[in-house]
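Notes follow the structure.
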2 protein chains.
Amino acid sequence: MRIGEVAAAAGVSPRSLRYYEERGLLTSVRSSSGQRHYAQDAVERVRWIQALYAAGLSSRAVAELLPCVHTGVATDAMLAGLSAERTRIDTQIRDLTSTRDRLDAVIAAANDHSRECAADRSASSTA
Amino acid sequence: MRIGEVAAAAGVSPRSLRYYEERGLLTSVRSSSGQRHYAQDAVERVRWIQALYAAGLSSRAVAELLPCVHTGVATDAMLAGLSAERTRIDTQIRDLTSTRDRLDAVIAAANDHSRECAADRSASSTA
DNA sequence: CCCACCTCTGACGTCAGCGTCAAGGCTCAG
DNA sequence: CTGAGCCTTGACGCTGACGTCAGAGGTGGG
């Protein structure tokens with residue numbers, strides 16, 4: 001697959017794929033003219049990269065941990081890194097959940113307040 | 001409270017508080033010499049700002065929505081904004097949860113692989 | 001009154017993950 | 001063979017949330 005195909009399939013820009021290669025996250029085979037060609041699983045790999053970025057990992061962390069995500073083989077250090085990130089993500093989920101719930105409370109309070117004001121207006125208009 | 005106190009209590013830098021003020025997220029009263037003084041609830045407000053940043057809101061969005069978080073009063077537009085962000089956060093939580101679970105699967109697979117290799121080594125040594 | 005410590009404004013630095021532009025080369029359907 | 005549309009490298013730009021530094025002034029315990 002050429003770079004545009006992979007980019008379209010993964011929903012990112014060609015620029016991103018070149019950036020990933022620069023960072024050591026993604027490899028390609030070059031044709032004689034220098035054009036990049038990717039294996040089929042590159043698309044899935046890119047999706048992993050995006051997911052890990054979205055989870056707050058740095059490109060450095062992704063570069064270190066992505067190999068064992070694909071190969072299933074991990075050194076002790078890699079396993080430790082994976083677990084650390086997993087824990088971080090878990091904490092993040094809890095924080096977000098807390099924020100969401102507090103936001104729900106705010107929304108509910110604002111709705112209540114709106115209804116109160118509507119009731120006030122209704123009462124004053126009927127008075 | 002002076003800026004350093006608030007910063008320490010909220011776990012951020014004074015620089016951040018000045019930045020928040022610049023962005024319209026936080027207000028202070030100035031002494032005659034120009035030094036900032038904050039009300040007690042500034043600390044909680046800063047914690048809200050941090051939580052909303054962590055949830056991926058821009059400072060612009062925070063500036064728009066933070067007032068009704070504190071006052072409980074919201075216009076229709078603000079309510080819509082709050083709900084939109086709430087939905088975004090919810091989606092983000094689901095994505096993170098999915099990533100975490102997939103990461104768990106990877107970790108489990110890597111552990112299995114480690115055990116297999118250990119078993120292989122054990123078998124070859126007994127052969 | 002002094003001195004250590006806090007605070008002020010203004011301005012430039014940083015870092016990541018790309019966007020974007022320039023100037024050129026490759027590909028392939030017609 | 002030609003032109004539309006892909007691709008290449010290199011390099012600068014951008015955005016947000018601050019960090020950091022300089023040079024100056026406020027503050028309060030002893």
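Chain letters run A, B, ... following the sequence lines, proteins first, then strands; residues in each count from 1. No hydrogens, no waters, no symmetry mates; every other heavy atom, side chains included, goes into these values.
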Rounded to whole angstroms, how far apart are [atom1] on [X] and [atom2] on [N]?
{"X": "B:Leu57", "N": "D:dA17", "atom1": "CG", "atom2": "P", "answer": "10 Å"}
{"X": "A:Arg23", "N": "C:dC15", "atom1": "CZ", "atom2": "C1'", "answer": "11 Å"}
{"X": "B:Arg2", "N": "C:dC5", "atom1": "CZ", "atom2": "P", "answer": "14 Å"}
{"X": "B:Met1", "N": "D:dT27", "atom1": "CE", "atom2": "C1'", "answer": "17 Å"}
{"X": "B:Tyr53", "N": "D:dC18", "atom1": "OH", "atom2": "C1'", "answer": "9 Å"}

Problem set entry | Residue list, salt bridge (charged side-chain N to carboxylate O under 4.0 Å, His left out) with B:Asp104, at least two apart or on another chain |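 By the salt bridge (charged side-chain N to carboxylate O under 4.0 Å, His left out) rule, B:Asp104 matches A:Arg86.
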
For this session: With a 4.0 Å heavy-atom cut-off, tell me which residues in residues 14-22 of chain B come close to DNA chain D, sorted by residue number.
Result: B:Arg15, B:Ser16, B:Tyr19, B:Tyr20

Problem set entry | Any residue of residues 26-46 of chain A with a heavy atom less than 4.0 Å from an atom of DNA chain D | A:Arg30, A:Gly34, A:Gln35, A:Arg36

Problem set entry | First of B:Arg60 and A:Glu5 reached from the 5' end of DNA chain D, by closest nucleotide | A:Glu5

Exercise. Counting only side-chain N and O atoms of B:Ser58, is one of them less than 4.0 Å from OP1 or OP2 of D:dG16?
Worked result: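 No, because none of the side-chain N or O atoms of B:Ser58 sits under 4.0 Å from OP1 or OP2 of D:dG16.
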
Donor-acceptor pairs under 3.5 angstrom involving side-chain atoms of residues 73-80 of chain A: please list them, not counting sequence neighbours.
unit_1	atom_1	unit_2	atom_2	d
A:Thr75	OG1	A:Ala77	N	3.4
A:Thr75	OG1	A:Met78	N	3.1

Problem set entry | Set of residues satisfying side-chain hydrogen bond (donor to acceptor under 3.5 Å, both in side chains) with respect to B:Arg23, sequence neighbours excluded | none

Problem set entry | Exam field: side chain A:Thr87 to backbone A:Ser83, donor-acceptor pair closer than 3.5 Å |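 Between the backbone of A:Ser83 and the side chain of A:Thr87 there is a qualifying donor-acceptor contact (under 3.5 Å).
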
Exercise. Salt-bridged, B:Glu5 to B:Arg2, with N to O below 4.0 Å?
Worked result: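 Here B:Glu5 does not pair with B:Arg2 in a salt bridge, since their nearest N and O are not under 4.0 Å apart.
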
Exercise. Got a second to check how far B:Arg36's CZ is from B:Ile3's CD1, nearest 0.5 Å?
Worked result: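 Reported to 0.5 Å precision, the distance equals 5.0 Å.
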
For a quick test of your reading: what N or O donor-acceptor pairs under 3.5 Å do the side chains of residues 45-53 of chain A make, sequence neighbours left out?
unit_1	atom_1	unit_2	atom_2	d
A:Arg45	NE	A:Leu25	O	2.8
A:Arg45	NH2	A:Leu25	O	3.2
A:Arg47	NH2	A:Ala9	O	2.8
A:Gln50	OE1	A:Tyr20	OH	2.6

For this session: Would you indicate whether the side-chain heavy atoms of B:Val69 and A:Arg102 approach each other to under 4.5 Å?
Result: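 No, every pair of side-chain atoms sits at 4.5 Å or beyond.
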
